[in-house]
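The block underneath contains the structure these notes are about, expressed in structure tokens.
Hydrogens, waters and symmetry mates play no part in the numbers below; they use all other heavy atoms, side chains included.
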Amino acid sequence: MLQINFIRDHKDLVLAGLNKRNFGPEAESLLTQVIELDDNRKLTQKSLDDLLAESNSLSKQIGILYKSGKQEEANLMKSTVAKNKEVANNLQEKMAGYRNSIEEILFKIPNHPKDAVPEGKGEEDNVVHREWPNPLPVLGEGAKPHWELAKDYDIFSLEIGTKLAGAGFPVFRKKGARLQRALINFFLDEAEKAGYEETVVPLLVNEATGRGTGNLPDKEGQMYFVEKDDLYLIPTAEVPITNIYRDDILDMKDFPIKMCGYTPCFRREAGSYGAHVRGLNRVHQFDKIEIVQISHPDKSHELHQEMLAHVSSLLDKLELPYRILTLCGGDLTFASALTYDFEVYSAAQKRWLEVSSVSNFETYQSNRMKLRFRGEDKKTHLAHTLNGSALALARIIACLIENNQTPQGIKIPAVLVPYTGFEYID
RNA sequence: GGAGAGUUGGCCGAGUGGUCGAAGGCGCACGCUUGGAAAGCGUGUAAACCUCUAAAGGGUUUCAAGGGUUCGAAUCCCUUACUCUCCGCCA
């Protein structure tokens, strides 16, 4: 969430940012309201502190009086302290009320978009950051979408998944399963080469962790929830990995912290139906390698570009045609300050599929997480957090098998052959 | 799942009602010492919020979390979470 002092000091800027996100007409009144609540909170804090200071000092005197046998004087003071306590309780309740209201509003206010974020209402206004420089691949007559290829080669089945779990849980088989494992290892190896420390993290997380990255209270509808144990299934490894450093004060010399991890991701995707979600285009469970960085605020922009380069190199090596979009204000996710989406061209479906999202959250997550570092001034400051998919498997497999279909079978990109152990799915 | 023991600062660890934000040690920082280093000596070393400020300062809260008893709680009581040991179960 945004820091209240930032809103206080840069109200116009924040408002402009909200407008860029098409936040709606209530933006200004929300900001005014939250500042006013904070003013009240401060005033209340002051009176509460003064009152408690008085009580503390009286209590000390009571102790001394008792020791010197002056019971009566002490008892007189007791009643004052008792009265103070009532008032203090009132003030404390008031404080809690202010804090809750402030938090409630702050949870509604999305991150401030960076200048690089273009204006726009939705998907259609995203700006191409880097176009695919070559002609897009054109498949011959009879080219098939991946869900048909899956049947021809028996590499994955949604029907069996439906039997086992429900719609949207693909079962990979034979060379499909092997391809899946090959991609996971390839992506992890590449991430490690790029300096990301590999982590293995829990797939279920508690509420505090969900709040840290901003998935709660915002998107609980998107996450599977295990009621009996109060745990959420992770929608992305970003959640557990970034939270590793929740509530920590880092040393500047540790920056940048670069971590990666492979996990399955679970998404309810409630309300998604239709042709665009066929096959592997949108599923409830998919595998992903996530890269995460925690950085000094001065460096996050540069690191963001470096992450872009890393994801690009993966797609280059897999020989997949892709483009990079800068998400516009209307399409930017809640916690992000700047997001680039990678889209791979599916030649059989003749459309672009999102395979990676690389975001800089600046201090939005770290403020919730209390993820700080000690600056040169010896004071604590919020770090910047970034993450990106590198990469998400299901859609990569979809594009890979569609674009590489040949009469001899599905050709595996050269870089993956050492991982799969075969050159063709046939 | 059953029984028991525990949770104190960056770490270890003392502390059973007031003088405790907390002894001592380690670590870290700075200084002295040294040709340089080590050792030694000295000083300092939590976070958040409020207030004030050029800086300093002052106040409040925090000893796992939440609640209670009390004029006063790290210390007593209750609840929850977690850790460890033993038993049970188990890949």
Taking [M] as the reference, what is the distance to [N] when you measure between their [atom1] atoms (whole Å, please)?
N	M	atom1	result
B:U69	B:G6	P	26 Å
B:C26	B:A14	C1'	15 Å
B:A5	B:U62	C1'	26 Å
B:A22	B:C78	P	29 Å
B:C32	B:C84	C1'	46 Å
B:A38	B:C28	P	11 Å
B:A47	B:U8	C1'	15 Å
B:G88	B:U70	C1'	44 Å

For RNA chain B, please output the secondary structure as dot-bracket, reading 5' to 3'. Pairs are Watson-Crick or G-U wobble, both atom distances under 3.5 Å; mark crossing pairs with [ ], other-strand partners with |, unpaired with a dot. ((((((((.[[[..)..(.....]]]((((((.......))))))((((((.....)))))).[[[[[..)....]]]]])))))))....
5' to 3' contact window, RNA chain B with chain A (heavy-atom distance under 4.0 Å):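 Contact span on the strand: B:G18 to B:G72.
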Start with the C-alpha gap between A:D251 and A:K253, add the side-chain angles, then the distance that decides, and say whether salt bridge (charged side-chain N to carboxylate O under 4.0 Å, His left out) holds. CA-CA 5 Å; A:D251 202 305; A:K253 70 175 189 289; 3.4 Å; yes
Could you pull out all residues at least two apart from A:K219 that satisfy side-chain hydrogen bond (donor to acceptor under 3.5 Å, both in side chains)? none
What residues, two or more places apart in sequence or in another chain, satisfy side-chain hydrogen bond (donor to acceptor under 3.5 Å, both in side chains) together with A:R41?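 Only A:D38 meet the side-chain hydrogen bond (donor to acceptor under 3.5 Å, both in side chains) criterion with A:R41.
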Please check if atom CG in A:D298 has more than 12 non-hydrogen atoms from other residues, nucleotides or ligands closer than 6.0 Å.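 More than 12 within 6.0 Å, yes.
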Give a yes-or-no answer on whether the side chains of A:E238 and A:N387 include a donor-acceptor pair shorter than 3.5 Å.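 Note: A:E238 and A:N387 side chains meet the donor-acceptor criterion.
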Assign [X] to base, sugar-phosphate, or nothing according to its heavy-atom contacts below 4.0 angstrom with the strands shown.
X	value
A:N56	sugar-phosphate
A:K370	nothing
A:A53	sugar-phosphate
A:I249	sugar-phosphate
A:R374	sugar-phosphate
A:L52	sugar-phosphate
A:T380	sugar-phosphate

Expected list for residues 417-426 of chain A: side-chain donor-acceptor pairs under 3.5 angstrom, two or more places apart:
| from | atom 1 | to | atom 2 | distance (Å) |
| --- | --- | --- | --- | --- |
| A:Y419 | OH | A:D189 | OD2 | 2.6 |
| A:T420 | OG1 | A:L416 | O | 3.4 |
| A:T420 | OG1 | A:V417 | O | 3.3 |
| A:T420 | OG1 | A:F422 | N | 3.2 |
| A:T420 | OG1 | A:F422 | O | 2.8 |
| A:D426 | OD1 | A:K175 | NZ | 3.3 |

Looking only at the aromatic ring of each residue, does the gap between the centers of A:H384 and A:F361 stay below 6.0 angstrom? no
So, do A:Y262 and A:F187 have ring centers that fall under 6.0 Å from each other? no
Which residue pairs satisfy the side-chain hydrogen bond (donor to acceptor under 3.5 Å, both in side chains) criterion with at least one member in residues 15-24 of chain A, sequence neighbours excluded? none
Nearest heavy atom decides the nucleotide; on that basis, is A:K378 or A:K46 closer to the 5' end of RNA chain B?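 Here A:K378 is the residue nearer the 5' end.
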On RNA chain B, check which nucleotide each of A:M95 and A:S55 is closest to and give me the residue with the more 5' one. A:M95
Might you work through the side-chain hydrogen bond (donor to acceptor under 3.5 Å, both in side chains) test for A:T209 and A:R246, ending with a clear yes or no? CA-CA 8 Å; A:T209 300; A:R246 170 155 48 91; 2.8 Å; yes
